[in-house]
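Working notes for the structure below.
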Amino acid sequence: MQCGIQLKVKSNHVIGFEPSEEFPFNRGKLCPKGVKRYLQGGHPDRLLNPLKRKEGIGFVPISWEEAFSTTVSEIQRIQETYGKDSVAFLSGVSLTNEKSYLIGKFARLGLQTANLDYNGRLCMVSAGAGNKKAFGLDRASNSWQDIVDAEVILLAGTNVAECSPITTDYIWRARDRGAKLIVIDPRVTPIARTSDIMLPVLPGTDSALLLGLLRVLIEENLTDEEFIRNHTSGWEETRAAALALPLEEASRISGVKVEDIQRAGRLWGNAKTSFLLHARGIEHSSKGVDNVVSCINLVLATGRIGRKGCGYGTITGQGNGQGGREHGHKCDQLPGNRDISNPDHRAYICSVWGCSDEELPGKGHTAPEIMEMIHAGQIKSLVSICFNPLVSLPDSNFTREALEKLEHYTAIDFFLNETAHHADIVMAGSLHEEEEGTSTSAEGRVIKINKAVDPPGHAKTDTSIILELAHRLGRDKYFSHFHCSEDIFNELRVASKGGTADYFGITYERVINEMGVFWPCPSEGHPGTPRLWEDLQFKTPDKKAHFNAVTYRPPLEEPDDEYPVVLTTGRVVSQYLSGTQTRRIGGLVDLCPEPYVEIHPSLAEAYGLQDKDWMKVASRRGEVVLQAKVVTTIRPDTVFIPYHWPGRKAANNLTIRSYDPVSGIPEFKRACVKISKADPPQ
Ligand SMILES: Nc1nc2c(c(=O)[nH]1)N[C@H]1C(S)=C(S)[C@@H](COP(=O)(O)OP(=O)(O)OC[C@H]3O[C@@H](n4cnc5c(=O)[nH]c(N)nc54)[C@H](O)[C@@H]3O)O[C@H]1N2
Ligand SMILES: Nc1nc2c(c(=O)[nH]1)N[C@H]1C(S)=C(S)[C@@H](COP(=O)(O)OP(=O)(O)OC[C@H]3O[C@@H](n4cnc5c(=O)[nH]c(N)nc54)[C@H](O)[C@@H]3O)O[C@H]1N2
Ligand SMILES: [Mo]
């Protein structure tokens, strides 16, 4: 969540930390991952040299000269044989804004490939697409301060207390002022235990439930007709779609009682102020964009946006989940959240980069599509940074097969993650504290990360690695003017100017002096924009907020005799993402050393399972053998597995390669499985 942390440094080593008391977001608080974060830089597993994989031996340290020359000669050989687009680049949004921007430019003008995408494809893209459809701009509408002033808070598909503990603090502050809480989740998560109304949705069916909620608002005259008339478009179709699904049907599909849908609709509808937050629970779905716009429909129907205590936002995932999706390292995007297929947008970026339209590749493929193309032999080479797709993409067995087919793979990371085990060359990159830069929080606040230490051993900064690759590819023309992160940021400002994500008025000096600046910020005299839409002028062509009619579509896999149980996946408080950065930290491993299967006592009993029994969970893609964790806090037809572990413990052995048609996000939150008692794994 971009919490302020001050590092304690001695002799070029990080030896401790203090949460920043004055930093406006976390105000001296940190979650377990933040508390242990300082332990990564000096960890014994830290990569200190570039490595080369030798068949039959493993990884051996090599010189940077060999790492760069092998990578570049292989890329050139492969591009000469198979064409430029046969090399793909996969990036990540734990990286700073400067690195995101640099990589967007490097892939297009350095590697000259269209095939660049990022791990936010597994995370933020449904929210991004939904926000653009409704508002014409992709950012939370408010700073989190408006959560504190809201009378009702609706949390859809977010385990906020475990995944965003500091955001949860804002919810507690609202609760202290009497706010009511509605939670939509198949599991009674820690925050849900404190809710006023809990809607235990069957995974993958949120759009039916959200249609039901909208229907209650309409039938009970709880909509804001004046706001709808003056400031929105698309209401008639949306209203008709909600009225087309009877409440009993919404209840039957979603598994939530009619009375509970009514109670929640009334609580939301009668409030004067409200805040709706959602996260991956509704977004990790082949209906992810539908779910996002369905949430926004509830906000717009009640006209609660653009003023104090009235807001909406998605809770971002990785550190720079917001900034990382604005500066052009998505396959369809250019800086400023511009569209790579739009001739005007292309012409502007060509003018900033000094290239011709022919030199700027077009739209490329998404990260999962890139993996499918590697599997199909259409993409032959990969460069990745800050991404561990073997653990994080759905259907790990498929991903492993794909990685084995690459002719050349270079990975840039500070730990040897599981995907990098398949690399030919691994380049030892840097952590945040080893290179200055900015990142952008879920609220849209651009903040500064300062350099505290140099990369250890022979590790290099990520930026210097990318710039050296550009140099050796003979593309200095576009990159040699970058001497420091601030140079890159200053070009990013110009490249974002006039785009929806406008950073032009944001300078390093301002970010430091003001402890962060909220974009859009179109000029240096502009104060920044903590709360969007105060003037109710939206960024859509007609300046209105758009309703989007949604019709319920069933999930791809429905339970049947062979695979009768619904599986959903997600997180625990002490582990992070693919686990690379947390499975190595003792204090975090102690809190949750192994994955497990959360299962309701009634389902466990039906299979003769008791707490801690070993059980097999199998889908049409693969299987895992894990211990049962019998809990009353999950739907009796659903099991949950946290996904932070690789190999035979990976939840993604089970998940399905099915994607949202608009955003391309995978269906991580719903697959059908069979379960049985099993022997402990050997
Ligand atoms: N501790 C910790 N914190 C993290 C992370 C981490 O790995 N560990 N990762 C960060 C990242 S990258 C992200 S994206 C965020 C994710 O943050 P969240 O989205 O809050 O986390 P998840 O656990 O993926 O899913 C949230 C909830 O969705 C519920 N859910 C599952 N299926 C459905 C469904 O069909 N409908 C609904 N309504 N709910 C469903 C799950 O039960 C779970 O409680 O967290 C960030 N913070
Ligand atoms: N089944 C299932 N699968 C999921 C999800 C789920 O809920 N269920 N969640 C999805 C979501 S929301 C996400 S965001 C993805 C995340 O999936 P990934 O992005 O693959 O996971 P990470 O663990 O963040 O892997 C990032 C790698 O980047 C490295 N890294 C981190 N910071 C830096 C840096 O500054 N520089 C360099 N060079 N390297 C760095 C880390 O060491 C790590 O090896 O997983 C997705 N997969
Ligand atoms: Mo994420």
Side-chain angles (χ1 to χ4, degrees), residues 1 31-33 40 90 92-96 99 118-124 155-165 183-189 191-192 199-206 209 254 278-285 287 291 314-321 367 384-394 396 411-420 427-432 434-435 437 461-462 465 555 566-582 588 598 634 638 640-644 650-652 654-655 665-666 668-671:
M1 298 308 299
C31 79
K33 291 179 283 104
Q40 287 178 27
L90 289 175
V93 291
S94 293
L95 300 173
T96 57
K99 294 182 201 178
Y118 79 135
N119 61 10
R121 185 68 55 192
L122 316 182
C123 185
M124 301 311 311
L155 301 175
T158 172
N159 180 2
V160 64
E162 290 198 71
C163 296
S164 319
V183 172
I184 306 177
D185 200 302
R187 300 157 58 227
V188 190
T189 59
I191 192 79
L199 306 176
V201 68
L202 177 67
T205 65
D206 291 84
L209 172 62
S254 66
H278 56 74
R280 305 309 87 73
I282 65 155
E283 299 164 28
H284 273 163
S285 165
K287 283 84 197 166
N291 292 339
T314 184
I315 304 175
T316 51
Q318 296 161 77
N320 201 19
S384 74
I385 182 168
C386 195
F387 198 167
N388 190 9
L390 181 54
V391 182
S392 56
L393 281 179
S396 313
I412 309 169
D413 208 302
F414 45 77
F415 287 137
L416 188 64
N417 72 32
E418 289 75 18
T419 313
M427 296 189 172
S430 57
L431 280 151
H432 282 153
E434 292 158 7
E435 190 177 10
T461 64
D462 294 334
I465 294 172
V566 173
L567 163 78
T568 193
T569 63
R571 301 166 156 73
V572 297
V573 67
S574 63
Q575 297 287 349
Y576 188 59
L577 303 176
S578 73
T580 323
Q581 293 173 266
T582 48
L588 297 176
E598 257 184 33
I634 187 165
T638 300
F640 168 86
I641 303 178
Y643 90 102
H644 313 281
N652 278 325
L654 305 168
T655 49
I665 211 166
F668 286 129
K669 296 295 193 255
R670 162 117 179 187

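Values reported hereafter were calculated over all heavy atoms of this structure, with side chains retained and with hydrogens, waters and symmetry mates removed. Each ligand, and each atom within it, is numbered from 1 in the order the structure gives.
H284 places a side-chain N or O within donor-acceptor distance of the main-chain N or O of L122, the cut-off being under 3.5 Å. With hydrogens and angles ignored, the 3.5 Å screen pairs a side-chain donor or acceptor of N291 with a backbone N or O of I282. Remark: the backbone N or O of F668 is paired with a side-chain donor or acceptor of T569 at under 3.5 angstrom. In this structure a side-chain-to-backbone donor-acceptor pair under 3.5 Å is missing from T158 to A279. For H278 (side chain) and E283 (main-chain N/O), no donor-acceptor pair under 3.5 Å exists by modelled atom type. Distance alone, capped at 3.5 Å, places no donor-acceptor pair between the D462 side chain and the K99 backbone. Put simply, the side chain of R280 gets close to the backbone of C123: a donor and an acceptor are under 3.5 Å apart.
At a heavy-atom cutoff of 4.0 Å, ligand 2 is contacted by the backbone of S430 but not by its side chain.
For ligand 2, the atoms lying closer than 4.0 Å to a non-hydrogen atom of I385 are 38 (N). For ligand 2, the atoms lying closer than 4.0 Å to a non-hydrogen atom of L95 are 34 (C), 35 (O), 36 (N). Proximity to D462 (heavy-atom distance under 4.0 Å) selects the following atoms of ligand 2: 34 (C), 35 (O), 36 (N), 37 (C), 38 (N). The atoms of ligand 2 that sit less than 4.0 Å from any heavy atom of N388 are 18 (P), 20 (O), 25 (O).
Taking a heavy-atom cut-off of under 4.0 Å, ligand 1 is surrounded by K33, C123, G157, T158, N159, E162, C163, I184, D185, P186, R187, T189, V201, P203, G204, D206, A279, R280, G281, I282, G317, Q318, T568, G570, R571, V572, V573, Q575, Y576, L577, H644, K669.
The closest approach between any non-hydrogen atom of L431 and ligand 2 is not below 4.0 Å.
Between H432 and ligand 2, no pair of N/O atoms sits closer than 3.5 Å. Distances between N or O atoms of T655 and those of ligand 2 include no value under 3.5 Å.
Salt-bridge annotation for E162 and R571: absent, with no side-chain N of the basic residue lying under 4.0 Å from a carboxylate O of the acidic one.
Annotation: side chain of P186 is in contact with side chain of P203 (closest heavy-atom distance under 4.5 Å). Residues N388 and L577 have side chains not in contact (no heavy-atom distance under 4.5 Å, counting atoms from C-beta outward).
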